[in-house]
Amino acid sequence: MGVALGGVTPTLVATLGGLVPESSVGLVLGNSVSAQYAGQVIGPLAAGWVGGVLGTSAVFFMTAIVAGAGTVLAFGIRRRLTSHDAVNPG
């Protein structure tokens, strides 16, 4: 996970920094880091609870659902941003 975060975090920071107005960069990056740390706490707690209540296979099933939802959301955001850029270039 550390290697993945080490590779993704600089790209995320650069992308967010380029997408938001300069006056809001600190707020957006602060929210991004807060969400990252919240996910690192909530994820294992939720997986432990699901595994304890429903079994280990349910953890993998729920992980697949969350990963799929994240993928759909990412493609939706990308599609919206690219269609916005095509309408409003520059």
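Bear in mind that the values here come from a model prediction, so they are computed numbers and not experimental data.
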Is Leu27 reachable from Val33 through a run of I, L, V, M, F, W or Y residues, each pair having side-chain heavy atoms under 4.5 Å apart?
no
Treat each ILVMFWY residue as a node, draw an edge where side-chain heavy atoms are under 4.5 Å apart, and state whether Phe60 and Ile65 are in one component.
no
Backbone of Gly6 reached by a side-chain donor or acceptor of Thr9 within 3.5 Å
no
Rounded at 0.5 Å granularity, tell me how far OG in Ser32 sits from CG in Leu16.
5.5 Å
List the residues meeting side chain to side chain contact (heavy atoms under 4.5 Å, CB included) with Val66, not counting sequence neighbours, and say none if there are none.
none
Straight-line distance of Gln36 CD to Leu12 CG, nearest 0.5 Å
8.0 Å
So Leu29 and Val13, do their side chains get closer than 4.5 Å, heavy atoms only?
yes
Check for a donor-acceptor pair, side chain of Ser24 on one end and backbone N or O of Val20 on the other, with a separation under 3.5 Å.
no
Using the rule that two of Ile, Leu, Val, Met, Phe, Trp, Tyr join whenever any of their side-chain heavy atoms come within less than 4.5 Å, decide whether Val53 and Met62 are in one cluster.
yes
Closest contact, heavy atoms only, Pro44 versus Gly39:
CD-O, 3.9 Å
Partners of Thr15 by side chain to side chain contact (heavy atoms under 4.5 Å, CB included), sequence neighbours excluded?
Thr11, Leu19
Kindly work out whether a path of hydrophobic side-chain contacts (I/L/V/M/F/W/Y, heavy atoms less than 4.5 Å apart) joins Leu81 to Val28.
no
